Amino acid sequence: KITEISIPSSVTTIGGSAFNGCTLLDGVVLPDGLTSLGSYAFNGCTSLSGIVIPAGITAIPDYAFNGCTSLKTAAIPAGVTSIGGYAFYNCTNLEGVTIPSGVTSLPGYRYAFGNCTGLKWLEWNAVSCSEHGAMPTANLERITIGDGVTVLPGDFARDSKITEISIPSSVTTIGSYAFNWCTQLKEVYIPDSVTVINEHTFGACLGL
């Protein structure tokens, strides 16, 4: 029934299920020296409203923050290259997320951000992410694509509520269904750098 926890700076590892099911836990600061986070570490911490993941973390494991239904902000550090299955699943109050440049794939069949129905904005910096997975896009109102991104993966903004999008000149490939059913999207400028536009990329963009 703990509501807060003070973790000293000497801690480098938080093991699997360390705080699993601590439904009253809200006050927690992860130490800067942390380099490893175990699966289910904060699974089901339904009162947790915000978390800052330290810079030393390179992998967010399976189910790490699954079911944190009060989570509104989750700062993912630039060094993260892997986001595990169901890592943020059912974080229904998560308002936005920044995907770092080193991420190469988001689990397609294990829904890293599945059922995050409150997502309103996405900052996408993944340079070459070939698999987008099941990130919910239906409620997205704003998407920012970082300079240096070369691939917009399949289903990138499918069904979203965006009205405009700026594609940087670094992009060379736009994946299948990337903007399919973006019915409020009005205008798109495709830079000269793009050499591949896959099937159904702008299918059913009724307002284009």
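Since we're looking at a predicted model, the values are computed, not measured. Computation of the quantities below employed the complete heavy-atom set of this structure, encompassing side-chain atoms and omitting hydrogens, waters and symmetry-equivalent molecules.
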Please set out all donor-acceptor pairs under 3.5 angstrom arising from side-chain atoms of residues 24-35, sequence neighbours excluded.
unit_1, atom_1, unit_2, atom_2, d
D26, OD1, S49, N, 3.2
D26, OD1, S49, OG, 3.0
T35, OG1, T12, O, 3.3

Side-chain donor-acceptor pairs of residues 152-164 under 3.5 Å, sequence neighbours excluded:
unit_1, atom_1, unit_2, atom_2, d
D155, OD1, R158, NH1, 3.0
S160, OG, A157, O, 2.9

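Within the model, atoms CG of L206 and CD of Q184 stand 10.5 Å from one another, a figure rounded to the nearest 0.5 Å. Rounding to the nearest 0.5 angstrom, the gap separating the NZ atom in K120 from the OG1 atom in T117 is 9.0 Å. Between I51 atom CD1 and K72 atom NZ the span is 15.5 Å, to the nearest 0.5 Å. The line from OG1 of T69 to CG of N115 is 10.5 Å long, rounded to the nearest 0.5 Å. Remark: S17 OG to Y63 OH distance equals 11.5 Å, nearest 0.5 Å. Expressed to the nearest 0.5 Å, how far CZ of F19 lies from CD1 of I5 amounts to 5.0 Å.
Scanning all heavy atoms of the two residues, the minimum distance from F65 to C91 falls at O-SG, 3.2 Å. The shortest heavy-atom contact between S170 and G148 is OG-N, 3.1 Å. Nearest heavy-atom pair across P61 and A87 is O-CB, 3.7 Å. Contact record, P191 with S169: CB-CA, 3.9 Å, taken as the closest heavy-atom pair. In plain terms, the two heavy atoms of P8 and S6 that are nearest each other are CD-O, 3.7 Å. Considering all non-hydrogen atoms of both residues, C116 and P136 come closest at O-CG, 3.5 Å.
Evaluation of the side chain to side chain donor-acceptor pair (under 3.5 Å) rule for E141 yields no partner, not counting sequence neighbours. For N66, the side chain to side chain donor-acceptor pair (under 3.5 Å) partners at least two apart in sequence or on another chain are N43. Under the side chain to side chain contact (heavy atoms under 4.5 Å, CB included) criterion, S128 pairs with T150, V151, sequence neighbours left out. For T13, there are no side chain to side chain donor-acceptor pair (under 3.5 Å) partners two or more places apart in sequence or in a different chain.
When hydrophobic clusters are built by joining Ile, Leu, Val, Met, Phe, Trp and Tyr residues whose side-chain heavy atoms come closer than 4.5 Å, directly or via intermediates, I7 is grouped together with L37. Hydrophobic cluster membership is shared by I174 and L208, with clusters built from Ile, Leu, Val, Met, Phe, Trp and Tyr side chains linked at under 4.5 angstrom. Grouping the Ile, Leu, Val, Met, Phe, Trp and Tyr side chains by contacts below 4.5 angstrom, directly or via other members, places Y177 apart from F113. In terms of hydrophobic clustering, with Ile, Leu, Val, Met, Phe, Trp and Tyr side chains grouped at heavy-atom distances under 4.5 Å, V97 and F88 are assigned to a common cluster. Linking Ile, Leu, Val, Met, Phe, Trp and Tyr residues whenever their side-chain heavy atoms come within less than 4.5 Å places F42 and V80 in a single cluster.
A 4.5 Å side-chain heavy-atom check between T137 and L122 finds every atom pair outside the cut-off.
Looking at E199 and S176, their side chains do bring a donor and an acceptor atom within 3.5 Å of each other.
The side-chain contact (heavy atoms from CB on, under 4.5 Å) test with P100 is passed by exactly one of I76, V127, N125: I76.
Between Y111 and Y86, the ring planes are perpendicular. Angles over 60° get that label, and only those under 30° would be called parallel.
Counting heavy-atom neighbours within 6.0 Å of N198 CG, excluding the residue itself, gives a total above 12. Within 6.0 Å of CH2 on W181 lie no more than 12 heavy atoms contributed by other residues, nucleotides or ligands.
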